[in-house]
Amino acid sequence: MGDFFKKIKHKALAIRIVKALLLGIAVGLPLIGVLLLLRRFELITLIPVGIIFIGIGTLLAVGGLVYLLLHQNDKSLAIRLDKEKNLSERIQTSLAFKDQEGPMLDLQRQDADKKLMEVKDVGLGLKKIWIYILALVIGAGAFGVSFIFNPAPTPPTPPPPETPFKVTELQLLALEDLVAYVEAAEMQDPYKTSVISSLTTFIDEIRVAENETQRDTALEKAIDEILKQTDDSSYGVEVINALWSTGIDTCRLLAKALNYYDWPKENEWDRFVEKMTDLRTGFVHIDATTQSPDLEKMKEDIKVVLLSASQGIDLSIASSKIPENDVLRLALVRLSTANEINIDGTRVFGFSILAEFIEKNGYTKAQRELDATISALSPEIFKALSQNAINTGTGEYAITQLASIFGIRAPEFKRPDLYESTDPNIPGSEGGGGGGAIGGGPTYGSDDKVYDPFTNQYVEYGKILDKYYNIMFGGLSSGSYTDEEKKALEEYFQILYGGFKEEAPDENENN
């Protein structure tokens, strides 16, 4: 075939591509318009970018289909040329013998090319292209018309009517009393000064408040400011939670000892001493009361406990981000790493130093030094906790009073999260023993709550059992009981603490 036939093929291909694009756009545009219309009426939730992608996908799908349907090979193109241009099958003949040579065939090809060149209009398919253009116009029109329809604008919701407000003289008097209370409190500065400033600013704002919105805005701002100062004034929650999360038994006992939120309104020192005593017992080896204890094993075991406690304290201090000059941090650092020998011969050895001490001096001497350390540092730790308790209590009291004066609910305050878990996969849980004391504190035959006649309250079984044991132990020491009575009482309390031991059934009973 000649070059002119190839040009006709290329022109036919271009026309086919144009038709495919025209019909693809004619379908894609109105689809985009309809989807945008549905979105404006909130019938669909597609985003505009997604709608555009759907339109482009439709354009490509329809255009591709049209392109495939309009495809024609060389033979079909030759038949169409011969038919539409009255070429008496010249093009078909040339195409059929295109791979053959000969004088007659060359003359035939020349004749076919000559006839093609004489044909003026060789734009196959151009006569019907107006159909595709019309489809495009209709599609574009539908796309444009879709923007005419819009949902009726929703009138803006009028703001609710303001409820008038005027602070009462009684409320102002209560606020003045609250300021006086904070001024007289022993809360540390700069937190105390900031709380007073927040309260006095609030009083100025509440005096001029004309509606409840202004009142609530001023009240929320004051509570937020005081709450921030209260949180900044104490790192107790952060330190206690960090100690608890270590999963180390002794660190958890220390966390309970530091939990000043659990102190009663009176006898705070007694509660603190009680918890510090629990901590102290966490370093007593469970074999200490046996008749023939393995002192070497006890030494090595308690050395591990001391090191774990020291590491747990150090990690907790770091993770809680308590300031370096905080008195509670300084006391805990001493409890962990103190190595102090005073002029009068008294000594304070932290847990990490005691781990070295016990290696050289043995279990018994290390226990004596541990007693000295707990005794020496308990007042310092209690003093630090007391200041934290004052800071927290003052700030929280100011917030609760503000809420009470204006009849709103006070926010929940941060508290230590000292949960117990029986999941054996959780370190330090009851189900799985993790990195704690060898003794781990006393184990009771029951954890039910029972009536305590000493306090007229229901308490855990172990707590009241300890009190009765102390009474009994005092009687034993004073010589009030015979040897047989002492033995019976000791066996009785062993059962109460640990429960009855299951004995293997007698084989004779089964015979």
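Residue numbers count from 1 along this sequence.
- Side-chain atoms of L46 and I54, non-hydrogen and from C-beta on, do get closer than 4.5 Å to each other.
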(request) Apply side chain to side chain contact (heavy atoms under 4.5 Å, CB included) to the pair I133 and L22, showing each step before the final yes or no. (result) CA-CA 7 Å; I133 296 175; L22 289 175; 4.0 Å; yes

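- Between Q188 and the choices T193, N391, T394, the side chain to side chain donor-acceptor pair (under 3.5 Å) rule is met once, by N391.
- Side-chain atoms of S308 come within 3.5 Å of backbone atoms of V304 as a donor-acceptor pair (strictly under, hydrogens ignored).
- Nearest approach of G63 to A20, heavy atoms of both residues: O-CB, 3.2 Å.
- Looking at S197, its side chain never comes within 3.5 Å of a backbone N or O of S194 through a donor-acceptor pair.
- S198 and E225 get closest at one heavy-atom pair: OG-OE1, 3.0 Å.
- When all heavy atoms of A255 and L243 are compared, the closest pair comes out as CB-CB, 3.9 Å.
- Separation of atoms CD1 (I390) and CD (E186) is listed at 5.0 Å; rounding is to 0.5 Å.
- In terms of modelled atom types and a separation under 3.5 Å, the side chain of N241 and the main chain of P416 share no donor-acceptor contact.
- Using a cutoff of 4.0 Å between basic side-chain nitrogens and carboxylate oxygens, E238 and K414 are scored as salt-bridged.
- Shortest non-hydrogen contact noted between I226 and A398 is CG2-CB, 4.3 Å.
- In this structure, F272 and W263 have perpendicular ring planes: the angle between them is above 60°, well past the 30° mark.
- Across all non-hydrogen atoms, the minimal contact from G282 to T250 is O-CG2, 3.9 Å.
- With contacts defined as side-chain heavy-atom distances shorter than 4.5 Å, the pair E183/I196 qualifies.
- Under a 3.5 Å cut-off, the side chain of K275 and the backbone N or O of L258 do not form any donor-acceptor pair.
- Pairs of residues two or more places apart, or lying in two chains, that qualify as ring-ring contact (aromatic ring centres under 6.0 Å, His included) and include a residue from residues 171-200 are Y181-Y397.
- The distance from the CG atom of L21 to the CG atom of L60 is 9.0 Å, given to the nearest 0.5 Å.
- Note on K256 versus D278: no salt bridge recorded, every NZ/NE/NH1/NH2 to OD/OE distance being 4.0 Å or above.
- Using a 4.0 Å cut-off between a side-chain N of Lys or Arg and a carboxylate O of Asp or Glu, R415 and E396 qualify as a salt bridge.
- In this structure, R252 forms a cation-pi arrangement with W244, its terminal cationic atom sitting closer than 6.0 Å to the ring centre and no more than 45° off the ring axis.
- Partners of E176 by salt bridge (Lys or Arg N to Asp or Glu O under 4.0 Å), not counting sequence neighbours, listed by chain and number: R207.
- Counting only heavy atoms from C-beta outward, the side chains of Q171 and T168 approach each other to under 4.5 Å.
- At a threshold of 4.5 Å between non-hydrogen side-chain atoms, the residues T213 and F165 do not count as touching.
- With contacts defined as side-chain heavy-atom distances shorter than 4.5 Å, the pair I47/I51 does not qualify.
- With a 4.5 Å cut-off on side-chain heavy atoms, I381 and L335 count as touching.
- Nearest heavy-atom pair, I317 versus S320, reported as atom, atom and distance to 0.1 Å: O-OG, 3.1 Å.
- Residue M187 holds its CE atom at 9.5 Å from OG of S234, rounded to the nearest 0.5 Å.
- The backbone N or O of S336 lies less than 3.5 Å from a partner atom in the side chain of S352, making a donor-acceptor pair.
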(message) Could you walk me through whether F143 and L31 satisfy the side chain to side chain contact (heavy atoms under 4.5 Å, CB included) test, starting with their C-alpha distance in whole Å, then the side-chain angles of each, then the deciding distance to 0.1 Å, before giving a yes or no?
(response) CA-CA 8 Å; F143 176 75; L31 177 62; over 6 Å; no

(request) Run the numbers on N211 and T163 for side chain to side chain contact (heavy atoms under 4.5 Å, CB included), then give the verdict. (result) CA-CA 5 Å; N211 52 62; T163 303; 5.9 Å; no

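- Residues passing the salt bridge (Lys or Arg N to Asp or Glu O under 4.0 Å) test with K228 are D232, sequence neighbours excluded.
- Between F406 and D216 the shortest side-chain heavy-atom distance does not fall below 4.5 Å.
- One finds the CG atom of L307 at 11.5 Å from the CZ atom of F351 (value rounded to the nearest 0.5 Å).
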(message) Before you tell me yes or no, could you show the steps for T392 and Y261 under side chain to side chain contact (heavy atoms under 4.5 Å, CB included), namely the whole-Å CA-CA distance, both residues' side-chain angles and the distance that decides it to 0.1 Å?
(response) CA-CA 9 Å; T392 303; Y261 297 96; 3.7 Å; yes

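- Using a 4.5 Å cut-off on side-chain heavy atoms (C-beta onward), R271 and E268 make no contact.
- Between the CG atom in D301 and the CG atom in L306 there is a gap of 11.0 Å [rounded to 0.5 Å].
- The 12-atom threshold is not exceeded at CD of E210, counting heavy atoms of other residues, nucleotides or ligands nearer than 6.0 Å.
- Judged by distance alone, with hydrogens and angles left aside, the side-chain atoms of R39 form no donor-acceptor pair with the main-chain N or O of I44 at under 3.5 Å.
- The CG atom of L377 sits 9.5 Å away from the CG atom of L332 when rounded to the nearest 0.5 Å.
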